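Below is one structure, written out as structure tokens; comments come after it.
All residue numbers in this chain count up from 1 along the given sequence. Everything numeric here is computed off the predicted structure, so don't read it as measured data. Just so you know, these numbers use all the heavy atoms, side chains as well, and skip hydrogens, waters and symmetry mates.
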Amino acid sequence: MTSADMLASCDPTLQRALDSLVSGIVVGHRLIAPGDEAALLDAEASSIVSSIVAVRRASGAARVVARELLAGLGHAGCALPRTASGAPDWPRDVVGSLAHDQAVAVAAVAPRAAVAALGIDVEPAEPLPDDILDLVATVPERSGLAGDPLRGRVLFAAKEAVYKAMHPLDGVFLDFHDIVVDLVGRKAVVPSGKILDLAVCRAPRIVVLAFSRA
């Protein structure tokens, strides 16, 4: 894939927002496009069970982004097959995370020597449906959402990112209510007592990073 292809599939406004999220973690994105499913390398393609084109297309787009970022860490052309948990198999000296919604794929990577845990999620910048909000937010969290139509969506993305950051470390399944999020303080706590930092982009797409420093 050429540099021109990458530029054509990038939203400059979104990328500027992602570049300013947090130091030491590199974040990129791609606008998902027909043909991105063909970007899957052989090991990746065989590890993704779904035959649904949209799923494979989004997975391919996310891996295009990740490979661009990994090249900057000395891992050019690296394959990222899915593991049994569903997470990508990252190089040993790297932590990373992938995510996508229906239109945008994102990836975040960092050296493992600097960042111990990393998760990312992306969502459209629109209110979270009430029925999903009921599943996601605890009673205390709901009290902090009034007056901001996007805060529920940010909360959802934060909890998704926290799960992606923590599961590779301990293999523990976390329900939404197991994760306590403080959107004002940009922190999240899981049942083990581990505290993760949050970095949030709200426009033109909601993107949340959950991370802990090494």
Side-chain angles (χ1 to χ4, degrees), residues 1 5-6 9-10 18 25-112 115-124 156-176 178-179 188 190 194 196 205-212 214:
M1 190 163 293
D5 291 331
M6 288 297 296
S9 298
C10 176
L18 298 180
I25 299 174
V26 188
V27 187
H29 80 285
R30 179 174 175 79
L31 306 180
I32 300 169
D36 283 348
E37 62 274 18
L40 291 169
L41 302 180
D42 289 346
E44 297 166 344
S46 61
S47 72
I48 298 171
V49 175
S50 176
S51 61
I52 300 172
V53 173
V55 172
R56 301 181 75 82
R57 181 171 294 163
S59 296
R63 283 163 172 78
V64 168
V65 180
R67 279 195 281 275
E68 286 287 318
L69 302 182
L70 286 170
L73 296 179
H75 294 283
C78 181
L80 297 170
R82 290 186 66 175
T83 63
S85 70
D89 186 11
W90 297 95
R92 186 168 298 180
D93 60 342
V94 171
V95 290
S97 186
L98 307 179
H100 64 82
D101 59 17
Q102 291 186 334
V104 176
V106 294
V109 301
R112 191 175 294 277
V115 177
L118 178 60
I120 192 170
D121 194 46
V122 59
E123 296 287 328
F156 176 86
K159 294 195 177 192
E160 287 283 320
V162 167
Y163 180 82
K164 290 182 180 182
M166 288 304 302
H167 194 264
L169 295 182
D170 56 23
V172 175
F173 174 79
L174 296 174
D175 187 75
F176 283 117
D178 292 329
I179 303 167
V190 296
K194 178 75 173 178
L196 289 90
R205 215 79 179 172
I206 290 172
V207 179
V208 179
L209 286 177
F211 62 96
S212 64

Which atoms form the tightest heavy-atom contact between A116 and L169, and what is the distance?
O-CD2, 3.8 Å
What distance separates T83 OG1 from H167 NE2, expressed to the nearest 0.5 Å?
9.0 Å
Any salt bridge linking E68 with R63? Criterion: basic side-chain nitrogen under 4.0 Å from a carboxylate oxygen.
no
Could you check whether any side-chain N or O of R112 sits under 3.5 Å from a backbone N or O of V94, counting only pairs where one atom can act as donor and the other as acceptor?
yes
Please assess H29 against C10 for the test side-chain contact (heavy atoms from CB on, under 4.5 Å), listing each intermediate value before the final yes or no.
CA-CA 7 Å; H29 80 285; C10 176; 3.2 Å; yes
Compare all side-chain heavy atoms of P91 with those of C78 and state whether any distance is below 4.5 angstrom.
yes
Looking at A43 and A79, what are the two nearest heavy atoms and their distance?
CB-CB, 4.5 Å
What do the steps show when you test L174 against V190 for side-chain contact (heavy atoms from CB on, under 4.5 Å), and what is the final call?
CA-CA 8 Å; L174 296 174; V190 296; 3.9 Å; yes
Salt-bridged, K159 to D178, with N to O below 4.0 Å?
no
Note, K194 side chain near L196 side chain (heavy atom, < 4.5 Å):
yes
Hey, does I25 have a side-chain heavy atom less than 4.5 Å from the side chain of L118?
yes
For D36 and R56: C-alpha separation, side-chain torsions, deciding distance, then whether salt bridge (charged side-chain N to carboxylate O under 4.0 Å, His left out) applies.
CA-CA 8 Å; D36 283 348; R56 301 181 75 82; over 6 Å; no
Flag, side chain of S47 to backbone of R82, donor-acceptor distance under 3.5 Å
yes
Mind checking whether P111 and D93 have side chains closer than 4.5 Å, heavy atoms only?
no
Could you check whether any side-chain heavy atom of L73 comes within less than 4.5 Å of a side-chain heavy atom of V109, counting everything from C-beta outward?
yes
Treating W90 as the side-chain partner and V95 as the backbone partner, does any N or O pair qualify as donor plus acceptor under 3.5 Å?
no
Using 0.5 Å steps for rounding, measure from the OG atom of S59 to the CD1 atom of I48.
4.0 Å
Is it true that F176 and Y163 have ring centroids separated by less than 6.0 Å?
no
Side chain proximity check, L31 to V104, heavy atoms < 4.5 angstrom:
yes
Inter-residue atom distance S97.OG - E160.CD, 0.5 Å rounding:
10.0 Å
Distance, nearest 0.5 Å, that separates CG of D121 from CG of L209:
10.0 Å
Is there a side-chain contact (heavy atoms from CB on, under 4.5 Å) between I120 and V208 once you walk through the steps?
CA-CA 6 Å; I120 192 170; V208 179; over 6 Å; no
Step-by-step salt bridge (charged side-chain N to carboxylate O under 4.0 Å, His left out) determination, E37 to R57:
CA-CA 4 Å; E37 62 274 18; R57 181 171 294 163; 2.8 Å; yes
Above 12 or not: heavy atoms from other molecules or residues under 6.0 Å from CD1 of I52?
no
Starting from the C-alpha separation in whole Å, work towards a yes-or-no answer on side-chain contact (heavy atoms from CB on, under 4.5 Å) for E123 and R205.
CA-CA 6 Å; E123 296 287 328; R205 215 79 179 172; over 6 Å; no
